Peer 1: 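Below is a structure I'd like to ask you about.
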Amino acid sequence: MTVLEVTDLDVHYGLRRQRRQALSGASLTVGPGEVVGLIGETGSGKSTLARAVLGLVRPTAGRIVIDGEDVTGYRSRQWRTLRRRGVIQYVFQDPLRSLDPDVTIADSLMEPLLLQGVPREEATAKARTYLARVRLDEELLARLPGELSGGQRQRVAVARALITEPKLVILDEPVSALDAANRVQVLEILKDLRDTGIALVFISHDLGSVAGIADRIAVLYQGELVEVGSARDIVAAPQHPYTRLLISSAPTLRTASAGRAEREALRALLNA
Amino acid sequence: MTTLTESPTTTTADPVLSVHDVRIRSQVDDREIVKGVSFELTPGKVVGIVGESGSGKTLTCRAVLGILPPHFEVSAGAIHVAGEDITALTPARLTAMRGSTISAVFQDPASYLNPSIQVGAQIAEVIRVKKGLKRRAARQRAIELLTAVHLRDPELVYGQYTYELSGGMLQRVLIAAAIAADPQVLIADEATTALDVTVQAEILDLLADLRDNAGLALVVVSHDLAVVAQLCDEVLVMREGEVVEQGPTDRVLYQPEHEYTRLLISEHEQYGLEKFLSREGR
């Protein structure tokens with residue numbers, strides 16, 4: 001069974017003359033334990049797709065099935081119940097936005113469990129377990145988010161997303177605000193999750209930052225999923241002109257800007 | 001790209017920028033923030049500085065431009081721009097030098113432009129002040145510059161305001177203003193960081209053009225080693241105010257000596273596109 005099944009999804013923003021299509025005919029499936037990179041530039045629709053899957057924006061057409069449950073027509077109360085069950089979780093780019101600055105790390109971690117009615121003792125034990133899973137020391141439990149470094153905070157946000165044992169975690173640019181050492185550490189933690197069967201969807205503008213961790217990559221361009229394939233195929237043998245432009249634009253450690261002529265040709269093709 | 005094995009310091013041309021063991025101190029807590037940076041730049045060469053935020057790369061650039069924030073001072077070392085020791089210059093001479101000899105572009109182009117003045121007029125103002133051209137001639141030159149930074153329809157862009165332009169277009173406008181007075185050195189401090197990847201590639205191509213066509217010497221500052229690798233002859237890797245590694249780009253990429261450089265490289269190899277591409281192919 002798939003964890004996420006999005007079929008022919010359309011999303012529009014605005015009314016009447018201002019109406020603009022943000023997503024058109026997007027179809028994507030994510031299986032258990034699969035890591036999918038959702039790549040697109042500013043305005044490509046990647047956040048819109050994520051917001052639709054989280055029930056934060058209502059699609060105008062298409063179908064969304066989460067863990068076997070058709071959620072397409074859900075009202076906000078049904079969404080709230082679904083979110084409370086913790087089947088699907090979300091990690092923001094900036095953990096300062098998702099962690100309450102006045103609440104200790106322990107309370108932040110336990111909150112989703114207490115909402116589900118888990119006894120306090122059990123929630124405390126779980127908070128310790130999950131903090132260890134993101135390789136953080138227990139003594140951080142009593143601290144406030146402001147007393148942690150950016151990397152530590154992002155790992156707390158990941159622990160909080162995992163604590164409800166979700167089937168699917170959506171991560172929005174999870175490492176782009178971190179420095180190199182913390183980026184590598186967070187990516188390692190996320191890579192370890194693969195074996196637990198949790199599916200991950202990475203949203204990023206930068207293919208280079210997630211290509212190595214993703215099983216599959218979905219490329220969004222102007223509201224359309226123009227190419228979906230294995231990470232290796234997308235990087236080594238991209239088909240769509242936009243994907244080819246993206247790959248040849250991404251800076252790599254190979255010196256020389258050899259792809260320039262190709263980039264100019266692709267840009268001309270896309271603008272035609 | 002030219003041969004990378006040869007260090008730019010061994011070339012015979014006179015350096016347009018020479019930074020020698022520069023140390024920067026914070027006067028507030030009397031702490032040394034930048035602990036000795038040295039490099040030399042000859043025309044048409046590119047030096048890259050890589051480091052996290054807080055590593056001292058931006059402070060180093062600001063020292064070179066003579067625009068350190070309040071309570072920071074160059075406590076030791078020497079900076080020569082086109083042969084002149086900038087620490088000995090009067091503020092008036094420094095202002096005269098900025099733009100006409102050494103210039104810079106930064107991360108967030110919109111914050112360096114006035115939102116209520118047409119962008120073209122802002123470039124023309126630079127030309128009138130720095131080159132002493134009359135209004136009409138300055139306007140003509142500004143349009144030429146907008147063409148030189150590969151903006152489509154430069155006449156139209158001239159009359160537009162910041163809110164009408166995308167991030168990539170604004171950065172092109174800023175580069176046009178930065179090169180308006182024909183400087184010899186351009187500092188690009190995280191100039192492509194806020195841009196989409198495909199736009200970043202366009203700006204890096206533009207910087208390569210300016211190096212090749214105008215012989216501009218560049219200092220490219222980035223948190224991403226790969227961005228620096230695209231353009232630079234020599235790379236400095238900074239961490240917590242110290243240069244932990246410095247050398248020709250190829251040497252740094254293929255035989256990194258410091259553990260931090262190795263971390264930056266292994267991140268790309270494990271998690272980046274490099275995982276699926278062979279390192280040799282160029």
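In the text below, chain A, chain B and the rest are named by the order of the sequence lines, each starting its count at 1. Keep in mind that this is a model prediction, so the values were computed, not measured.
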Peer 1: Considering only NZ, NE, NH1 and NH2 on the basic side and carboxylate oxygens on the acidic side, decide whether B:Asp209 and A:Arg260 come within less than 4.0 Å.
Peer 2: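 Yes, B:Asp209 and A:Arg260 are salt-bridged.
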Peer 1: Would you please go through residues 19-40 of chain A and name the residues with a non-hydrogen atom below 4.5 Å from one of chain B, in numerical order?
Peer 2: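 Expected list: none.
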Peer 1: So which of A:Leu246, A:Leu187, A:Ile213 has the largest heavy-atom pair count under 4.5 angstrom toward chain B?
Peer 2: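 Highest number of pairs under 4.5 Å: A:Leu187.
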Peer 1: Sorted by first residue and then second, give each salt bridge (charged side-chain N to carboxylate O under 4.0 Å, His left out) pair with at least one member in residues 152-166 of chain B; sequence neighbours left out.
Peer 2: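 Passing the test, one end in residues 152-166 of chain B: no pairs.
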Peer 1: Working to the nearest 0.5 Å, report the span between CZ of A:Arg263 and CG of B:Asp205.
Peer 2: 4.5 Å
Peer 1: Using non-hydrogen atoms and a limit below 4.5 Å, what part of residues 228-238 of chain A faces chain B?
Peer 2: A:Ala231, A:Arg232, A:Val235, A:Ala236
Peer 1: Backbone N or O of A:Thr252 within a donor-acceptor pair of the B:Gln230 side chain at under 3.5 Å?
Peer 2: yes
Peer 1: Where do A:Ala180 and B:Leu264 come nearest, in terms of heavy atoms and distance?
Peer 2: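 Minimum heavy-atom separation between A:Ala180 and B:Leu264: CB-CD2, 3.5 Å.
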Peer 1: Among B:Leu231, B:Asp224, B:Val228, which one satisfies side chain to side chain contact (heavy atoms under 4.5 Å, CB included) with A:Pro251?
Peer 2: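 The passing option is B:Asp224.
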Peer 1: Calculate, to the nearest 0.5 Å, the distance between atoms CG and CD1 belonging to A:Leu253 and B:Ile265 respectively.
Peer 2: 6.0 Å
Peer 1: Is A:Val184 in contact with chain B via its backbone, its side chain, both, or neither, using a 4.5 Å heavy-atom distance?
Peer 2: both
Peer 1: Using a heavy-atom cutoff of under 4.5 Å, enumerate the residues of residues 191-204 of chain B that contact chain A, numbered in order, or state 'none'.
Peer 2: B:Asp196, B:Val197, B:Thr198, B:Gln200, B:Ala201, B:Glu202
Peer 1: Pick from B:Glu52, B:Lys275, B:Gln270, B:His268: which one has the most heavy-atom pairs with chain A under 4.5 Å?
Peer 2: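 Of B:Glu52, B:Lys275, B:Gln270, B:His268, B:Glu52 has the most heavy-atom pairs under 4.5 Å with chain A.
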Peer 1: Report the distance from atom CD of A:Gln185 to atom CD of B:Glu267, rounding to the nearest 0.5 Å.
Peer 2: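 With rounding to 0.5 Å, CD (A:Gln185) is 12.5 Å from CD (B:Glu267).
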Peer 1: So which part of A:Ala181 gets closer than 4.5 Å to some heavy atom of chain B, the side chain, the backbone, both or neither?
Peer 2: both
Peer 1: What are the two closest heavy atoms between A:Ile247 and B:Leu273, and how far apart are they?
Peer 2: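 So the minimum-distance heavy-atom pair works out to O-CD1, 4.2 Å.
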Peer 1: Around atom CD of B:Glu240, are there more than 12 heavy atoms of other residues, nucleotides or ligands at under 6.0 Å?
Peer 2: no
